[in-house]
Amino acid sequence: MGGPWEKYAAPTQPAKDGPWTRYQSQSTVAPAEQVADMAAPEGSAQRPRSHVLMDEYDRAVAAGDDAAADRLLREATFAATQDGTAPDGVTFNPATGQMEDLTLRQDPTLFGGRTGAAMQGAGQGLSFGAMDEVVGALHGLTGPGSYAENSAYARDVMRDDLARARDEHPVVAYGAEIAGGAASSIGAASALGMTGAGTLGAQARQGAALGAAEGAVYGGMSAEGGAAERAAGAAKGAGIGGLTGFAAPYAIEGARRGFDTLVGGPVASMRSAPSQVRASRAVQTAVDRSGRSVDEIEAGIRNAHAAGQTGYAIADATGYSGQRMLAGAARTPGDGRQEIVEFLTRRQDGQGRRIAGALDDALNAPRNPQNLPAVPGGQAPKDFRGATADAVRDRLTRARNTVADAAYEAARRDAGPVDVRNALSVIDERIAPMQGSGIAGDGIDAKLTRYRSRLAAQPGGEAYPGASSVELSDFNRILGVKQDIADDIGAAVRAGRNYEARTLMQLKDALDQALEGASGAYREANDGFARASRVIDQIDAGKAATSPRARVADTLGHYRAQTPEGQAAFRAGYTDPLMAKIENSAPGVNKARPFLSDGATEELRAMAKDPDDLLSFLQRENTMFQTANAASGGSMTADNLADSADVLTRGSSAVGNLLTGNFVGAARQIADGVMNTLSGRNTATREEIARMLLSGDIRDVLAPAIERELQNALRSAYGEAAIRSLERTTNPL
């Protein structure tokens, strides 16, 4: 056996009679007073309990109190194994009442061999090093001795069994302990909610915290001795556990990436079939780089499809990252190039139609169609969608005339004689000074003279000042004159003869006053006609607002000042030239861009029925154009290289470029080949990436990558837990 215990080993037969005989064993016997000789010296600060008990034992023997001596001898022997005065591997056996060297047991474990070693290691790992204490606590309830004696003996036996298992079968014992530690570590992490950290750095920080906590628990539970020893073990375990926990995610991720680069990528590249997982991972990369969540991307695609933009895809919803990834697939050799370009071309061919429909719905749909003027038949138009400005003008004019005819007819029935003297004075103020002068008047004079001849007779051909018995007083005739004057005013305005229009307007106003004086219903009919006319005038105002010279502030100020029906007519005029511009745009032009300027955006926000929906629609159209341009527009260098690689093999193409001095092209082709090989993206996989990017179902596309990530996460969790549990092998008993 060796060591300081050797000289205390008793022979097979007792050396002398007396109270020591019953405490002798066939294995090893140590009388309590011999053990006490190994305690701290008399001058120490604190004497071991076994030493104190032996002093009491000596006094009991001297007094002849055999019962007390026997009790004190047993207590001193047990205390020697607890206060550290007994040699290592020696413990008090309550069944024999003697010190027992556990290393000399013939059958140390219940099962023995590798099975016992595996059970010992697994139990120690699962229990965070507390298996010996747990077993001791349970066995303390049974046995021949006290609870303290029974539990201490069972604990020491378990510790000896584990030490034997580690010595005799280290691979099995430590392997089972690491596996058990990994299982308990995963359970602890799940219970604490410390799972599923995002970035690798977050995983490392989380692993360090878990490792430190687990190491502290294991180190404290595995240590022997008092509180000081257990605190030291906990501190050691926390330090080692924190380091291993921090390093574990990096080690596992590094191993995975290394394997994927050196083995997985080249193997996948040699396959002819596409790798769904690698393609899905590529799209996941685009999603991550976009900074948008899967929910945001899914909602964007769903809204686009609901608005009629059924071609809106993942490449659009992920923004620049998805567009560039699709461009990479579109500019590499393979059948996928044509499929991608044809899809994007067809999609762009419908851009004008989609934008025109969206503008028509948003601007020509009145917010309150019940206020629109009636049309022939007495029904109000529901909206102006699908109608040109001229069609809207015709519809509103017919509606105005229908209503006015009925109103003026009522005014005619109630009308009396009309006094036109004031109207005649307006004419005479203009043309009287020139009468008889021999000087020809201008065109306005001619028109006014003609109207005067329709309102009053002029006997003898001379000017007749003032009213007379032959002045026209019939309501219907005078109303006809006023309407002819109104037509002349309109023609003058359209021709730009503004002075003529103002002069005729004075005569018209005078006749209106005369007609209103003859019929109370005429004013109401006149007001209705004027209101309807002002609505029709807004069509031209809306057209003028689209001029480059128009200012946004003026346009919106005028628009907001109109009645709801006037605003509807304004929007009809505003939309008409925009529709014409869209229809006449050259092929390949981004038709959405003009509507996304600051001024256009402000006007659309003020006039559209649902401005946010319209602007989102236009922004998506702009994004789709950018996607198509990234994939098939811009520089043709990449397309030319792809064409060259399509004709020749990759290697011969690169060699050809080298021989012809195109070193840049050769380097690019060689680099592309190396990167594609290492990443495992063969031609079929790159084409699958493109198809996924042009899909509208983000969750279906990401499903293979998510499933693999879940598998990797599970493996990583077990791997990290196993690495953290390595700390436990540094705290042997």
Side-chain angles (χ1 to χ4, degrees), residues 364 366 368-384 387-420 422-423 426 447 450-456 471-495 501 504-542 562-570 572-573:
N364 280 339
N368 49 352
Q370 68 275 10
N371 290 333
L372 290 176
V375 296
Q379 296 180 350
K382 182 178 181 181
D383 54 50
F384 295 143
T388 64
D390 289 339
V392 173
R393 187 193 309 278
D394 181 67
R395 181 187 302 179
L396 293 178
T397 300
R398 287 186 288 114
R400 178 195 65 182
N401 293 342
T402 300
V403 174
D405 288 344
Y408 285 129
E409 182 61 31
R412 289 188 186 100
R413 289 195 298 266
D414 297 335
V418 181
D419 183 1
V420 297
N422 187 44
V426 170
K447 285 188 177 182
R450 187 173 67 252
Y451 283 125
R452 193 182 198 292
S453 65
R454 293 177 61 183
L455 293 174
E471 291 172 357
L472 184 66
S473 62
D474 181 73
F475 184 91
N476 292 332
R477 297 287 298 275
I478 295 174
L479 177 60
V481 173
K482 193 228 48 167
Q483 290 174 340
D484 289 343
I485 294 173
D487 291 340
D488 280 347
I489 292 173
V493 170
R494 289 190 292 273
L504 293 176
M505 183 63 69
Q506 295 174 2
L507 177 58
K508 175 180 169 295
D509 292 341
L511 288 177
D512 276 333
Q513 293 176 2
L515 291 169
E516 289 173 1
S519 173
Y522 176 80
R523 178 184 292 274
E524 183 178 348
N526 213 30
D527 290 344
F529 187 90
R531 285 194 300 270
S533 298
R534 286 193 294 270
V535 169
I536 296 173
D537 292 341
Q538 297 313 307
I539 296 175
D540 292 329
Q562 303 306 310
T563 61
E565 53 268 34
Q567 290 181 347
F570 185 98

Q. To the nearest 0.5 Å, how far apart are CG in Leu511 and CG in Leu455?
A. 5.5 Å
Q. Would Gln538 and Gln562 count as having a side-chain donor-acceptor pair, cut-off 3.5 Å?
A. yes
Q.
Checking Arg412 against Ser519 for the side-chain hydrogen bond (donor to acceptor under 3.5 Å, both in side chains) test, could you report, in this order, the C-alpha distance in whole Å, the side-chain angles of both residues, the deciding distance, and whether it holds?
A. CA-CA 7 Å; Arg412 289 188 186 100; Ser519 173; over 6 Å; no
Q | side-chain contact (heavy atoms from CB on, under 4.5 Å) involving Asp394 - partner list, sequence neighbours excluded | A | Arg398
Q. Partners of Gln483 by side chain to side chain donor-acceptor pair (under 3.5 Å), sequence neighbours excluded?
A. none
Q) With sequence neighbours left out, what residues match Ala407 under side-chain contact (heavy atoms from CB on, under 4.5 Å)? A) Ala525
Q | Contact list for residues 509-532, test salt bridge (charged side-chain N to carboxylate O under 4.0 Å, His left out), sequence neighbours left out | A | Lys482-Asp512, Lys508-Asp512, Glu516-Arg523
Show every donor-acceptor pair shorter than 3.5 Å between a side-chain atom in residues 484-495 and any protein atom, with sequence neighbours excluded, or say none if there are none.
unit_1	atom_1	unit_2	atom_2	d
Asp484	OD2	Arg454	NH1	3.0
Asp484	OD2	Arg454	NH2	3.1
Asp488	OD2	Tyr451	OH	2.4

Q | Considering all heavy atoms, the nearest Ile539-Ala389 contact | A | CG2-CB, 3.9 Å
Q) Distance from Asn526 atom CG to Gln513 atom CD, nearest 0.5 Å? A) 11.0 Å
Q: Indicate yes or no: at least one non-hydrogen side-chain atom of Leu472 is less than 4.5 angstrom from one of Val418.
A: no
Q) Any side-chain heavy atom of Arg393 sitting closer than 4.5 Å to one from Asp540? A) yes
Q: Indicate yes or no: at least one non-hydrogen side-chain atom of Asn401 is less than 4.5 angstrom from one of Thr397.
A: yes
Q: Please collect all ring-ring contact (aromatic ring centres under 6.0 Å, His included) contacts where either partner lies in residues 387-418, sequence neighbours excluded, each pair once.
A: Tyr408-Tyr522
(Q) Just verifying a value: how many Å separate Phe570 CZ and Thr563 OG1, rounded to the nearest 0.5 Å? (A) 12.5 Å
Q) Once you round to the nearest 0.5 Å, how far does CZ of Phe475 lie from CG of Asp414? A) 9.5 Å
